[in-house]
Amino acid sequence: MEKITEKVLLEKGSPRTDKLEQIKTLNLSKMGLKLQDLPVKLLSRLCSLERWDLSGNRLQEFPKKLELRKLRYLDLSDNQMEDVTTLESLSSLEELKMDDNFYITVSDNYKLMVLLPNLRIYNSKDISTTANHLRFVYRDNLMTRITALWEKSFSLPDPITAEKMSSLEKNFVNTARHQVKFGPSSVSDFTKWRVEILAKEYLRSLTEPKEDSNSQECAEVKENGDVSTPSKRKRTEAASGINLMPRKQLRSDLPASPVQNSPLKISLRPKRQSETQTSISPLRTDRALSTPPKTQPKAETPRRSLKVPQTKEEKTPVERRKDSSKGRNAHVLPITKTLNKTQQPVRLQPLHVLQCHSKYDSSEDFSTQLWACAFQPCSEFSGDGGESRLVATCGGDSLCVIDCETGVVMKKYKVPGEEFFSLAWSTVLMSRGEKAPAQLCSILAAGGRRGLVKLIHPRNNVAYGEFRASRKSLSALRFNHQQGNFLFTGSYDNKIMLWDIGGVDSSYNFKVVQLLVLEVSTTPLHICLPPTSPSTQLLSACERGLHCYNTQLSTNSTTKRSKEMEITFPIYEEEDDDHDYHTIDGLSFLTDDIVASKSHMHGFIYLWSWSRTRSQRPDKRGGAVCAVVLAELQWANTEIPYLALNTCPDRAYVVCGDNEGRIWTHHVPNIQTTSCQKEKPIPPTEVLEWPSPMRKGLGQMEGPSINSVAMDSELLYLVALSDKNLVIIWRREESS
């Protein structure tokens with residue numbers, strides 16, 4: 001056996017050189033080497049090494065602290081390898097040979113696929129599919145069982161001390177190793193090894209984030225000293241000094257972890273005539289919220305003629321605008337296009353209130369803000385009539401899928417350290433092998449503070465992948481409804497990007513390709529695609545205005561584009577030092593042509609024509625055009641930003657929550673503008689009052705800000721998300 005020296009390495013390496021740092025290929029095969037014969041300090045100088053042949057030696061393990069960042073190929077065949085975990089430091093390794101190592105088992109092969117994240121070729125075979133299954137699907141299933149074990153049998157000590165945590169970790173890890181079962185018995189050694197690692201990670205995620213993440217946020221300080229963080233609620237904080245943003249905490253990232261039940265559920269049933277108190281059926285009686293008893297039935301809200309009580313302060317913005325109303329209404333044109341359906345207005349009753357996004361599943365958490373919700377597409381739902389009753393909600397570090405009828409949280413995905421701001425459903429193709437035809441499946445994309453898009457297949461309990469869409473936080477996600485694999489992401493670096501996420505195979509392999517970059521002058525808050533041209537046009541509601549983009553893909557067009565035009569509104573003319581209406585924090589299509597939008601600090605919702613607005617622009621160059629306003633809908637007078645509206649085209653509804661827990665609903669099936677309607681905005685069809693749940697011993701909860709609302713296509717359910725960690729579900733009352 002020859003001793004490994006610098007001279008030997010230079011002789012057996014290539015290209016020929018007098019410096020170890022320039023060697024790219026090294027052949028140390030058949031030299032009878034053992035672990036102690038590999039000098040780590042000397043070998044660490046091989047910083048350019050890409051291929052290394054160590055076959056035909058007597059190695060039982062690899063040097064643990066040897067890091068070779070450019071090493072792509074390693075041949076360890078015909079050795080005596082026993083401990084494969086010593087290869088963990090070779091994170092860039094793409095191809096590995098381990099043939100003729102007598103002690104290597106199937107479990108060892110699986111460990112290598114997990115430890116080496118870039119490994120694609122193992123013993124001359126492509127193992128990408130198996131490796132991705134182990135890295136994502138297998139891990140998710142183990143995390144589900146580990147989480148369930150913790151919630152069933154363990155809890156953090158009070159107070160937390162190093163001694164108690166050490167004892168708890170030992171007990172929890174040992175219990176998990178013995179009780180968590182998954183996969184065939186032939187790989188039980190791998191399963192126990194993986195469970196031990198994941199159990200320790202899970203426990204750390206519960207105990208480490210005790211400090212505020214100021215240190216993390218300080219890393220994003222700009223040169224001028226400003227901290228670059230998402231601007232959720234920033235206007236309110238500046239005005240009132242109240243921090244409405246939940247404090248962010250540092251945790252290690254974990255994959256999605258589905259669970260079966262919500263931490264908290266309150267079932268609200270419609271009153272019968274003889275009832276004077278709402279029935280309650282809490283999931284856990286020790287966490288029950290209730291509706292305070294009322295001594296008399298609540299008066300029905302008049303429809304179409306509602307006058308919402310206002311204080312003097314609330315009236316001030318409206319009164320201030322009366323003098324200029326004549327000029328404003330000069331922009332209002334009669335509606336000549338009617339909506340498709342003319343159903344009667346629906347009646348909605350509160351059904352459930354859920355507290356399912358709590359930090360550490362705490363019933364005392366009323367600070368986590370919930371930001372986005374959306375109903376699952378109907379394609380994968382098997383219910384009668386084709387409507388979906390599954391809604392996805394996101395906020396804090398979790399994402400939930402809720403059955404609106406039962407109020408049960410069907411799936412829950414936690415990513416410690418993340419804060420989700422947006423989500424979107426789509427339908428993509430899943431291949432099932434060469435002979436079986438591909439089938440459609442509903443997937444969910446979610447993103448937030450970390451700039452990562454999580455891809456989830458809820459039906460199979462699989463969070464199958466992620467990709468980085470931005471180095472800044474994500475503010476908006478939107479799929480192309482005509483091409484389900486096309487995903488738009490908006491981010492706080494003032495960009496909107498188009499991605500092709502492709503489909504998935506039965507092992508959840510997928511590929512993401514960036515197709516387009518749209519340069520935005522400010523943060524995009526909402527992304528909206530015209531129903532008739534989702535592949536060619538995009539509307540973006542931003543911190544500073546509403547912008548339109550051309551998104552048509554072609555081989556001759558550039559992949560980086562700026563706005564095609566800006567759409568302005570009559571309210572802009574009334575701006576002053578105290579009122580800035582350029583923040584468009586609500587945007588949605590009501591029909592193929594009619595758009596609903598609202599501006600921050602403007603107590604009304606505009607209905608305007610997309611086609612007429614675009615036709616005003618005589619040339620193809622960018623510029624500002626004023627929206628052709630068809631009508632104004634009355635809404636709340638509030639300075640709270642980012643209270644998003646939504647529409648239900650099939651039922652001709654526009655809905656938006658306010659800062660007092662109320663839901664303003666407008667049924668607009670066939671509006672014909674009259675002279676009266678030109679003078680004043682159209683009142684809401686109904687304002688759904690805050691259901692006023694009550695914490696036992698803590699009194700009645702005041703109405704929170706409603707950050708987001710969603711409706712299924714038939715308006716059987718309406719879901720509202722609050723800034724106090726509550727999900728409120730309303731159900732349509734069937735007419736007798």
Side-chain angles (χ1 to χ4, degrees), residues 143-144 147-148 150-152 205-206 246 249 251 254 256-268 280-291 350-376 388-416 418-423 425 444 446 448 454 456 458 461 463 657 661 690-691 693-696 701 704-710 717-731:
M143 280 303 302
T144 300
T147 303
W150 171 267
E151 294 177 347
K152 179 181 178 182
S205 74
L206 299 177
Q249 300 181 341
R251 301 188 196 174
L254 292 175
S257 176
V259 297
Q260 294 299 320
N261 293 318
S262 164
L264 177 64
K265 167 187 167 184
I266 311 98
S267 181
L268 300 174
I280 305 163
S281 58
L283 183 66
R284 300 183 186 179
T285 56
D286 61 327
R287 293 189 182 181
L289 299 183
S290 62
T291 301
L351 183 63
H352 304 292
V353 179
L354 306 177
Q355 185 187 8
C356 51
H357 290 266
S358 300
K359 298 175 185 176
Y360 319 120
D361 295 331
S362 170
S363 62
E364 305 302 321
D365 178 10
F366 291 99
S367 62
T368 295
Q369 294 209 55
L370 311 185
W371 289 113
C373 54
F375 276 85
Q376 178 190 21
S388 173
R389 68 189 213 185
L390 295 182
V391 67
T393 62
C394 73
D397 64 359
S398 60
L399 184 151
C400 296
V401 178
I402 303 169
D403 186 318
C404 289
E405 183 62 29
T406 63
V408 174
V409 178
M410 306 299 292
K411 323 283 182 186
K412 185 172 182 179
Y413 305 87
K414 269 186 174 289
V415 183
E418 178 65 278
E419 182 178 10
F420 289 108
F421 291 152
S422 186
L423 57 78
W425 288 94
L444 193 58
K454 299 283 184 178
I456 301 166
N461 287 350
W690 171 243
M694 180 182 294
R695 278 292 293 169
K696 289 185 177 179
M701 291 185 61
S705 293
I706 302 299
N707 289 339
S708 182
V709 292
Y717 304 100
L718 185 153
V719 177
L721 304 187
S722 79
D723 65 349
K724 292 185 179 178
N725 190 28
L726 294 178
V727 179
I728 306 97
I729 301 175
W730 303 72
R731 195 187 195 283

Closest contact, heavy atoms only, [X] versus [Y]:
X	Y	result
I706	A720	CG2-CB, 3.8 Å
V409	C356	CG2-CB, 3.8 Å
P691	I728	CG-CG2, 4.1 Å
L206	Y360	O-CE2, 4.2 Å
L721	C373	CD1-CB, 3.7 Å
L423	A374	CD1-CB, 3.6 Å

K411: which of I402, L390, V401, I456 passes side chain to side chain contact (heavy atoms under 4.5 Å, CB included): V401

Close side-chain approach of R389 to I729, heavy-atom, < 4.5 Å: no

Donor-acceptor contact below 3.5 Å, side chain K454 vs main chain Y413: no

Main-chain N/O of S363 paired to Q355 side chain as donor or acceptor, under 3.5 Å: yes

Mutual orientation of the aromatic rings belonging to F421 and W371 [parallel < 30°, tilted 30-60°, perpendicular > 60°]: perpendicular

Steps toward side-chain contact (heavy atoms from CB on, under 4.5 Å) verdict (C404, L351): CA-CA 9 Å; C404 289; L351 183 63; 5.9 Å; no

Under the side-chain hydrogen bond (donor to acceptor under 3.5 Å, both in side chains) test, residues paired with T393 that sit two or more places apart: H357

L399 vs L444, side-chain contact (heavy atoms from CB on, under 4.5 Å): CA-CA, chis, key distance, verdict: CA-CA 10 Å; L399 184 151; L444 193 58; 3.3 Å; yes

How long is the straight-line distance from [atom2] of [Y] back to [atom1] of [X], given to the nearest 0.5 Å?
X	Y	atom1	atom2	value
D403	H352	CG	NE2	8.0 Å
K412	D361	NZ	CG	4.5 Å
L370	S398	CG	OG	8.0 Å

Counterpart residues, side chain to side chain contact (heavy atoms under 4.5 Å, CB included), relative to S422 (two or more places apart): L477

CA sep, side-chain torsions, deciding dist, call: S358, N725, side-chain contact (heavy atoms from CB on, under 4.5 Å): CA-CA 7 Å; S358 300; N725 190 28; 2.9 Å; yes

